[in-house]
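A quick write-up on the structure given underneath.
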Amino acid sequence: MSGHMAFDDKLVMMANQIGKFFTPQRQGDPVAGIATHIRKFWDPRMRAAIYAHLDQGGAGLDEPVRQAVARLKQAEAHH
Amino acid sequence: MSLVPETDYGTPASKSTDLVTLTIDGQKVTVPAGTSIMRAAMDTGIQVPKLCATDSVDSFGSCRLCLVEIAGRNGTPASCTTPVAPGIVVSTQTERLKQIRKGVMELYISDHPLDCLTCAANGDCELQDMAGAVGLRDVRYGYEGENHTKQAKDESNPYFTFDASKCIVCSRCVRACEEVQGTFALTIQGRGFDSKVSPGAMEDNFLSSECVSCGACVQACPTATLSEKSLIEIGQPEHSVVTTCAYCGVGCSFKAEMRGEELVRMVPYKDGKANRGHSCVKGRFAWGYANHKERILNPMIRESIEQPWREVSWEEAIGRVASEFKRLQEKHGRLAVGGITSSRCTNEETYLVQKLIRGGFGNNNVDTCARVCHSPTGFGLSQAFGTSAGTQDFDSVEKADVILVIGANPTDAHPVFASRMKKRLRAGAKLIVIDPRRTDLVRMPHIEADFHLPLRPGTNAAIMNALAHTIVTEGLVNEKFVREFCDRDAFEYWAAFVSEPQNSPETVGLMAGVAPEDIRGAARLYATGGNGAIYYGLGVTEHSQGTTTVMAIANLAMVTGNLGREGVGVNPLRGQNNVQGACDMGSFPHELTGYRHISDDTTRTMFEKLWGRPLDSEPGLRIPNMFDAALEGTFKGIYVQGEDILQSDPNTSHVVAALKAMECVVVQDLFLNETANYAHVFLPGSTFLEKDGTFTNAERRINRVRKVMTPKNGLADWEITMAIAKAMGFEMPYKHPSEIMDEIALLTPTFTGVSYDLLDKVGSVQWPCNEKAPLGTPTMHIGGFVRGKGNFLITEYVPTEERTGPRFPLLLTTGRILSQYNVGAQTRRTDNVVWHDQDVLEIHPHDAEVRGVRDGDWVKLDSRAGGTSLRAKITDRVAPGVVYTTFHHPDTQANVITTDFSDWATNCPEYKVTAVQITPSNGPGEWQKEYNAQAEHSRRIAAKIAAE
Ligand code: SF4
Ligand code: SF4
Ligand code: SF4
Ligand code: FES
């Protein structure tokens with residue numbers, strides 16, 4: 001990785017990394033695992049940025065991660 | 001005030017549980033079997049004269065001063081080498097013994113310089129004491145004969161002198177070096193009259209020998225032969241105070257021996273439960289930085305980093321911090337500022353910084369440098385066991401049968417614990433080392449690892465899975481433990497996962513560069529060799545899969561039942577002195593003290609009530625996120641207590657850009673560190689000698705730090721934080737750090753029993769310390785896990801995205817060295833530089849040859865993140881394809897090279913794997929020159945410029 005990655009790209013990478021841990025878990029719902037992890041550890045501006053990224057098509061997000069971000073976004077909107 | 005007394009029992013305590021009763025000088029005494037008569041006598045308060053015995057080492061019986069008589073036995077046995085026996089009747093003082101002792105002392109004194117009055121040990125010399133004790137009044141032999149009194153001094157060690165003329169050849173130093181330190185640097189050379197103590201070979205002196213300057217020999221020496229230079233210069237101390245070393249996570253207890261407010265020497269404290277009287281070169285000797293001329297003692301401010309610093313009053317500096325942070329929050333929102341707590345500061349200080357940020361700034365943008373070292377430990381272990389900490393105390397290693405060390409180099413980074421571990425290994429425990437580098441532990445005097453798995457950097461998780469594969473598929477699971485204490489479904493899923501072929505030693509070994517048979521052998525040994533204890537360090541955590549590997553380690557311990565008793569466990573070796581404490585104290589942006597998530601309403605309400613402030617329920621930014629947010633434009637101000645994030649965080653150019661993007665950077669430290677080059681306010685900090693508080697070491701032990709001198713900068717660090725809080729309108733009027741600890745205890749279930757009173761009474765406690773465990777908890781998870789059932793998580797190996805390729809074909813990994821500490825700000829300002837004056841790059845002979853690099857050449861080291869130059873050291877300690885360096889010197893800036901890849905769960909940076917290329921070079925590169933010019937420019941101080 002060179003110099004400075006764009007904020008969005010970095011968040012996508014981080015989210016995918018989280019996804020790669022939860023996806024192979026065989027207990028519980030991996031999508032829920034990813035969502036909870038992001039909810040617990042990402043500050044609001046990071047979450048807002050990843051939601052915005054999803055709204056613009058969510059390029060680069062792995063499938064379960066995309067689902068988790070969508071689910072989280074919805075949950076927060078209802079809150 | 002007076003000197004803290006310590007009793008020398010002459011010989012080590014016996015561990016036997018059988019008791020023996022005997023009579024000494026008419027008194028009945030009962031002691032454990034195996035105790036020496038000397039020690040038994042001391043137990044009843046009878047001091048048998050002695051010279052060659054001391055209770056830190058096994059007795060040797062050479063001086064013949066400690067003789068006693070035993071009724072019914074012939075002769076006069078040495079009480080230091082003769083064990084007690086039931087019913088014996090011992091006399092320690094008879095006419096015959098008196099005569100023999102006088103004769104012995106006479107011989108010693110006739111060959112000893114009679115300069116007692118001007119000797120550094122005057123008043124603290126056992127030879128002098130013994131001459132007095134045996135009633136020596138004259139020396140018949142005269143001083144004219146052949147003697148040793150003209151021997152030259154060895155002054156090569158920067159901290160202590162070896163004055164051979166005063167040596168009585170008692171060999172206490174030799175035994176201390178062997179038994180306590182485990183370095184075997186000293187020998188007695190020659191025989192009879194010619195015998196003398198010698199470091200290494202004939203031509204060696206202390207500095208050129210294997211000696212690591214731990215001070216154990218100095219401690220053991222009964223005469224002035226081995227004496228601290230500071231003691232020789234200043235004189236005998238008149239009072240002492242027990243405190244805790246501020247360097248590494250071992251947390252050694254020391255007596256700070258003082259004359260008035262001047263520190264004479266630091267002496268390791270025998271009652272210290274982490275170190276048991278031992279020390280390393282850093283804590284014992286490297287405290288001179290406290291008086292270094294570069295230490296900043298006045299607050300300073302400037303409008304921009306282009307300007308020189310201006311010294312101002314505390315009031316003005318604090319006022320500036322408060323007005324700037326308020327301004328930034330008004331303009332950019334509540335979340336635009338934050339701070340970083342320090343693992344070098346006390347628990348109380350750390351607690352206050354997070355309180356200031358949560359309560360005063362009104363957000364949770366607080367993080368700690370533990371982010372960049374052990375955050376995966378906290379998260380990984382909490383998921384597996386339910387607590388974010390190591391499971392044992394250090395004493396536990398004495399009961400381990402198989403010691404597995406992964407990603408840790410304790411002889412350099414945790415030296416005093418390493419000495420204890422080495423002692424156990426010499427006594428027969430087996431050793432498995434998993435490390436890309438052949439660390440010292442792999443082969444050293446009287447120790448050889450049974451298995452060394454020299455894995456490719458970045459493959460830890462895969463290797464752990466392969467160990468688990470062997471254990472599960474070869475039927476080595478501890479079924480009873482798993483059935484009783486672990487979640488069954490989780491275990492079944494996990495066992496099926498690790499059994500899959502991609503986790504077999506054959507597949508993993510090929511990819512990780514380790515012989516499959518060694519993986520299998522190591523797994524079998526760990527699973528079946530008795531008590532198995534895992535010790536790990538930053539070589540595990542500082543990876544994109546740091547957390548996964550911590551979980552994999554936990555899985556291994558659970559599947560073999562190596563938890564919940566002494567001699568086993570999962571033991572993270574923490575880097576800095578208070579990493580554990582900083583984590584415990586709520587330094588992480590998502591959690592309050594005791595690892596409780598900020599979104600938990602009950603916990604948060606408790607804090608809100610006590611602090612009288614509403615708290616944000618949203619997690620804040622972690623350090624790497626702060627940098628990203630700064631570059632993105634939403635994070636504008638930072639308060640950094642006692643950390644050098646510019647030098648210690650990865651991808652330096654990224655950090656520089658982030659700091660430059662902020663409008664107010666406040667640095668509180670002893671020196672103008674690298675981060676301060678980009679700061680607008682500098683608040684001078686205090687040293688550990690200048691304040692009260694506590695540190696929590698790697699075994700969860702809460703140790704007291706005690707003030708021995710007035711802060712040279714005027715304020716202790718906790719007072720500075722309080723002043724900022726007050727200026728921001730959030731008063732926290734503590735009169736003493738003990739009141740802060742009382743508040744922590746009130747708010748934290750694992751700390752409810754902790755108070756300064758308790759610590760003064762019992763010395764130290766390991767948390768949890770509460771109603772259930774009023775004196776603390778040495779071993780965790782006895783009879784069940786904190787979370788209920790132990791949780792096996794699937795730890796699939798995901799290779800890092802940092803890959804080698806044609807442009808960057810080598811893997812760089814980083815570490816530290818014994819004599820230096822972290823970014824080196826302190827140790828570089830002491831004589832420790834004689835052992836390490838620059839960072840060098842270790843490279844395998846093959847990789848060096850194909851690049852035309854010779855030993856000592858300058859080389860340029862480039863990664864995708866940046867480049868720097870340093871000198872090469874050719875060694876086969878590293879495998880082909882791997883290079884290694886330390887990061888203690890700002891001129892080399894190893895972190896210019898490291899990338900901002902990080903752990904998936906915690907964003908702990910991936911320091912340990914960077915793809916690099918190496919090319920010959922002529923000297924420091926452009927980047928280094930520019931950096932140094934900027935640093936020099938940025939460190940100017942206006943008053944000083946005017947004076948020049
Ligand atoms: S200072 Fe330590 S390593 Fe050096 S000779 Fe003394 S005991 Fe051995
Ligand atoms: S240097 Fe000190 S400890 Fe070592 S043999 Fe001489 S007197 Fe004894
Ligand atoms: S640096 Fe570590 S091992 Fe050395 S004295 Fe200090 S706490 Fe002990
Ligand atoms: S103290 Fe026992 S022989 Fe020296």
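Note that these values count all heavy atoms, side chains included, but never hydrogens, waters or copies made by symmetry.
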(request) Could you tell me which of B:Pro619, B:Ala629, B:Gly620 has the largest number of non-hydrogen atom pairs under 4.5 Å with chain A? (result) B:Pro619
(request) Verify side chain to side chain contact (heavy atoms under 4.5 Å, CB included) between A:Phe21 and B:Met551, making sure each step is shown before the conclusion. (result) CA-CA 11 Å; A:Phe21 175 79; B:Met551 290 169 171; 3.5 Å; yes
(message) So for B:Asn364, is it side chain, backbone, both, or neither that comes closer than 4.5 Å to the heavy atoms of chain A?
(response) neither
(message) Distance check, rounded to the nearest 0.5 Å: B:Glu618 atom CD versus A:Arg39 atom CZ?
(response) 4.0 Å
(request) Name the region of B:Phe497, side chain, backbone, both or neither, that has any atom closer than 4.5 Å to a heavy atom of chain A. (result) both
(request) Nearest 0.5 Å please: distance from the NE2 atom of A:His37 over to the OG1 atom of B:Thr906. (result) 7.5 Å
(request) Flag the pair A:Phe41 / B:Glu591 as yes when at least one side-chain heavy-atom distance between them is below 4.5 Å, and no otherwise. (result) no
(message) Using 0.5 Å steps for rounding, measure from the OG1 atom of A:Thr23 to the CD atom of B:Glu796.
(response) 8.5 Å
(request) Identify which of B:Thr795, B:Asn363, B:Asp489, B:Asp903 forms the greatest number of heavy-atom pairs closer than 4.5 Å to chain A. (result) B:Asp489
(request) Hey, could you give me the CZ/CG distance between A:Phe22 and B:Leu793, rounded to the nearest 0.5 Å? (result) 8.5 Å
(message) More than 12 heavy atoms of other residues, nucleotides or ligands under 6.0 Å from CZ of B:Arg334: yes or no?
(response) yes
(message) Just verifying a value: how many Å separate B:Ser544 OG and A:Met13 CE, rounded to the nearest 0.5 Å?
(response) 9.0 Å
(message) Heavy-atom cut-off 4.5 Å, strictly under: side chain, backbone, both or neither for B:Ser599 against chain A?
(response) neither
(message) Please find the pair of heavy atoms, one from B:His590 and one from A:Lys40, that lie closest to each other, and give the distance.
(response) CB-O, 3.5 Å
(message) Can you tell me which portion of B:Tyr797 sits under 4.5 Å from chain A's heavy atoms? Options are side chain, backbone, both or neither.
(response) neither
(message) Has A:Gln17 got a side-chain atom pairing as donor or acceptor with B:Ser902's backbone, closer than 3.5 angstrom?
(response) yes
(request) Tabulate, in ascending numerical order, the residues of residues 45-53 of chain A having at least one heavy atom closer than 4.5 Å to a heavy atom of chain B, or enter 'none'. (result) A:Arg45, A:Met46, A:Arg47
(message) Within this structure, what is the CZ-CH2 distance for the pair A:Arg26 and B:Trp494, rounded to the nearest 0.5 Å?
(response) 12.0 Å
(request) Might you point out which heavy atoms bring A:Lys20 and B:Val798 nearest each other, and give the distance in Å? (result) CD-CG1, 3.5 Å
(message) Please classify the contact between B:Ala658 and chain A as side chain, backbone, both or neither, with a heavy-atom cut-off of under 4.5 Å.
(response) neither
(request) Would you mind checking which part of B:Leu335 comes under 4.5 Å of any heavy atom in chain A, side chain (CB onward), backbone (N, CA, C, O), both or neither? (result) both
(request) Go through the steps to decide whether B:Met626 and A:Asp43 satisfy the test side chain to side chain contact (heavy atoms under 4.5 Å, CB included), and finish with yes or no. (result) CA-CA 10 Å; B:Met626 289 181 193; A:Asp43 111 306; over 6 Å; no
